[in-house]
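Step one of this worksheet: look at the structure below.
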Amino acid sequence: MNIVTLLPFIVLIGAMFLMTRSAKNKQRAAAKMRNQMQPGSGVRTIGGMYATVKEVHDDSVHLEIAPGVHAIYAKNSIGTVLDDAEYNRIVHGVDPDSDLKLDEPLVPNDASSLTAADEPGDETATDGKIDLGKSETPAVDEAEPKVAEKDTEKDTAKDAKQDAKQDGKDGDTDAK
């Protein structure tokens with residue numbers, strides 16, 4: 001046998017070896033990351049859901065999806081374990097460099113600031129009326145001629161059909 005005939009097989013086997021080696025390295029890194037999960041750490045599942053780890057078992061993980069909402073997931077369904085700063089930035093929208101604290105409410109407790117007038121002389125927020133731009137209603141005599149025109153058009157069409165039936169035709173043209 002010639003070395004030239006064996007060269008394609010050698011290249012093919014080498015490529016397969018390199019592909020399986022990189023895949024195994026990725027699997028090892030993912031397994032190591034999943035084994036380092038601890039209760040309280042933030043995770044992203046392979047479906048893209050963010051949650052907090054409550055309990056870790058051999059093959060399953062107990063996650064808190066929202067406050068008071070718990071679910072059990074397979075350990076293999078965890079895509080990434082996030083550090084605390086990144087988890088808070090993504091889920092809560094908190095920048096670690098900003099002065100905003102998680103305990104401060106983002107929305108005021110009462111709606112008075114949303115409904116109060118902007119200026120003391122501004123009466124639009126307190127009088128209860130909303131101006132939508134059309135304050136005038138059309139007069140009754142303007143609407144009636146349009147209705148009357150529609151009725152006369154219908155009557156004319158009915159008369160034409162009756163005349164056509166009397167002539168022995170049904171009003172449709174026959175293609176010959």
Side-chain angles (χ1 to χ4, degrees), residues 1-135 172-176:
M1 258 208 228
N2 194 355
I3 188 82
V4 176
T5 57
L6 293 177
L7 187 62
F9 292 114
I10 294 171
V11 170
L12 182 65
I13 291 172
M16 289 175 55
F17 173 74
L18 291 176
M19 286 190 295
T20 57
R21 183 174 177 215
S22 66
K24 284 185 180 182
N25 286 340
K26 287 180 184 179
Q27 286 177 351
R28 273 192 225 116
K32 182 179 176 183
M33 179 252 330
R34 289 183 187 116
N35 288 333
Q36 291 177 351
M37 276 190 299
Q38 297 176 355
S41 60
V43 296
R44 181 179 61 229
T45 65
I46 57 174
M49 183 180 65
Y50 293 91
T52 305
V53 176
K54 289 297 174 185
E55 296 176 12
V56 180
H57 301 286
D58 291 336
D59 294 332
S60 64
V61 180
H62 194 120
L63 300 178
E64 184 177 28
I65 301 165
V69 180
H70 300 274
I72 298 174
Y73 278 80
K75 212 175 204 182
N76 292 337
S77 67
I78 304 300
T80 307
V81 177
L82 305 169
D83 58 343
D84 291 337
E86 185 178 5
Y87 180 77
N88 287 332
R89 182 184 60 81
I90 293 170
V91 175
H92 301 294
V94 176
D95 188 18
D97 298 332
S98 70
D99 296 333
L100 183 65
K101 297 178 183 174
L102 290 176
D103 299 335
E104 296 177 4
L106 297 175
V107 179
N109 290 336
D110 60 344
S112 62
S113 64
L114 302 174
T115 59
D118 293 336
E119 298 176 9
D122 189 13
E123 298 168 359
T124 58
T126 59
D127 64 357
K129 294 182 181 178
I130 299 173
D131 183 24
L132 297 177
K134 288 190 175 185
S135 60
D172 294 333
T173 58
D174 296 330
K176 292 184 181 179

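Enclosure of atom CG in Asn25 by more than 12 non-hydrogen atoms of other residues, nucleotides or ligands within 6.0 angstrom is indicated.
Rounded to the nearest 0.5 angstrom, Ile13 CD1 and Leu18 CG are separated by 12.5 Å. Taking CD of Glu86 as the start and CZ of Arg44 as the end, the distance is 7.0 Å to the nearest 0.5 Å. The distance from the OG1 atom of Thr5 to the CD1 atom of Ile3 is 8.0 Å, given to the nearest 0.5 Å. With values rounded to the nearest 0.5 angstrom, Ile65 atom CD1 is found 4.0 Å from Met49 atom CE. Once rounded to the nearest 0.5 Å, the distance linking CD1 of Ile90 with CG of Asn88 reads 10.0 Å.
The two residues Ile46 and Asn76 make their nearest non-hydrogen contact at CG2-O, 4.3 Å. Contact detail for Met33 and Gly79: the closest heavy-atom pair is CE-O, 3.5 Å. Nearest heavy atoms, Thr20 versus Phe17: OG1-O, 3.0 Å. The heavy-atom pair separating Asp84 from Gly40 by the smallest distance is OD1-O, 4.4 Å. The shortest heavy-atom contact between Asp58 and Lys75 is O-CD, 3.5 Å.
The only option from Thr80, Thr45, Val91, Leu63 that meets the side chain to side chain contact (heavy atoms under 4.5 Å, CB included) definition with Tyr50 turns out to be Val91.
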For a side chain to side chain contact (heavy atoms under 4.5 Å, CB included) check, start with the C-alpha distance between Tyr73 and Val43, then their side-chain angles and the critical distance, and finish with the verdict.
CA-CA 12 Å; Tyr73 278 80; Val43 296; over 6 Å; no

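Side-chain atoms of Arg34 come within 3.5 Å of backbone N or O of Ile78 as a donor-acceptor pair. Side chain of Ser41 to backbone of Gln38: a donor-acceptor contact under 3.5 angstrom is found.
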